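Heads up, the thing below is written out as structure tokens.
In listed order, ligands and their atoms are each counted from 1. Computation of the quantities below employed the complete heavy-atom set of this structure, encompassing side-chain atoms and omitting hydrogens, waters and symmetry-equivalent molecules. Every value quoted in this text rests on a predicted model; they were computed, and no experiment measured them.
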Amino acid sequence: MPDESANKPRPADERRGLILVNTGDGKGKTTAALGTALRAVGYGQKVLVIQFIKGTWHYGELDAVARIPEITLVRAGKGFYKIIDDKFTEAEHREAAAAGLAFARESIAKNEHSLVILDEINVAVSLGLLDLADVIGLLDLKPPHMSLILTGRNAHPDVIARADTVTEMREIKHAFKQGILAKRGIDF
Ligand code: ATP
Ligand code: MG
């Protein structure tokens, strides 16, 4: 007899946090993570957002979260890496990513948040700014009740293997391809 109990829905274990990955080339990875943050805040949960890569551009969420005391947002990046307006050296990008990783390690170990969002961390790994082993090490550190969301294109298969929920945003259309530049309140 096949064991059907394995596929039966189980009641959510309120004590077990999840690992989620938002990846793919379509729009919505970071904003979906921020939507989840909003949902968690509705239950009075504390949320930490650590942004890798990003760091020089302004995003609306920076000011929005300042109005939500349950959410802390920390920027650990130097902006786009080797494209667009990158004025930083590779070493500076690496240092910023390493500082972000160290901060993530410390914060996860302190266990003061229900949800920690590691924004663009998948990109930092795929660009070689962070070691995959270090990111897997963060997942190993996760206290049982904490949930983690890792965002960014090109999520590594080993990260995907460790996650409970993985969503791939697939681009069907993007305004940018019609020559419409990034829009305030929608894209940043
Ligand atoms: P968002 O922050 O809007 O949720 P994202 O996190 O899925 O987007 P990233 O790859 O992190 O996407 O992209 C960062 C920026 O590029 C955002 O301003 C986003 O709106 C924009 N963007 C996302 N997907 C695309 C795309 N397929 N083509 C062009 N620009 C995009
Ligand atoms: Mg993003």
Verdict with supporting geometry, Asp140 and Ile136, side-chain contact (heavy atoms from CB on, under 4.5 Å): CA-CA 6 Å; Asp140 293 335; Ile136 298 289; 4.1 Å; yes

Thr151 backbone acceptor or donor facing Asp119 side chain under 3.5 Å: no

Arg94 (side chain) donor-acceptor with Gly128 (main chain) under 3.5 angstrom: yes

Atom indices of ligand 1, in the order listed, that fall short of 4.0 Å to a heavy atom of Thr30: 2 (O), 4 (O), 5 (P), 6 (O)

Closest candidate by heavy atom, reference atom 11 (O) of ligand 1, pool Glu61, Glu120, Lys183: Glu120

Numbered atoms and elements of ligand 1 in range of Glu171, under 4.0 angstrom, heavy atoms: 26 (C), 27 (N), 28 (N)

Residue Glu120 atom name (nearest to the Mg ion (ligand 2); N/O/S): OE2

Under 2.8 Å: N/O/S of Thr31 next to the Mg ion (ligand 2): no

Side-chain donor or acceptor of Asn122 paired with backbone N/O of Arg153 under 3.5 Å: no

Polar proximity ligand 1 side, Ala32 side, N/O cut 3.5 Å exclusive: no

Per-residue contact class, His174 against ligand 1 - non-hydrogen pairs under 4.0 Å: side chain

Those atoms of ligand 1 less than 4.0 Å from some heavy atom in Phe176: 29 (C)

Minimum side-chain heavy-atom gap Ile121-Val159 below 4.5 Å: no

Residue that, paired with Val116, satisfies side-chain contact (heavy atoms from CB on, under 4.5 Å) out of Lys46, Met146, Lys142: Met146

side-chain contact (heavy atoms from CB on, under 4.5 Å) evaluation trace for Thr89 with Glu92: CA-CA 5 Å; Thr89 64; Glu92 285 170 320; 3.3 Å; yes

Pair Tyr59-Arg75, side-chain contact (heavy atoms from CB on, under 4.5 Å): steps then yes or no: CA-CA 11 Å; Tyr59 288 84; Arg75 315 188 87 188; 3.7 Å; yes

Nitrogen or oxygen atoms of Tyr59 and ligand 1 under 3.5 Å apart: no

Part of Met169 with heavy atoms under 4.0 Å of ligand 1, whether side chain, backbone, both or neither: neither

Non-hydrogen atom of Gly28 closer than 4.0 Å to ligand 1: yes

Contact with ligand 1 for Asp25, non-hydrogen, under 4.0 angstrom: yes

Contact check: Asp119 to the Mg ion (ligand 2), N/O/S below 2.8 Å: no

Side chain, backbone, both or neither: the part of Lys177 lying under 4.0 Å from ligand 1 by heavy atom: neither

Among Ile117, Thr36, Thr165, the one residue meeting side-chain contact (heavy atoms from CB on, under 4.5 Å) with Leu20: Thr165

Ligand-side contact atoms (ligand 1) for residue partner Asp187, heavy atom cut-off under 4.0 Å: 17 (C), 18 (O), 19 (C), 20 (O)

Chi angles and distances behind the side-chain contact (heavy atoms from CB on, under 4.5 Å) call for Glu112, Leu48: CA-CA 9 Å; Glu112 290 171 345; Leu48 174 66; over 6 Å; no

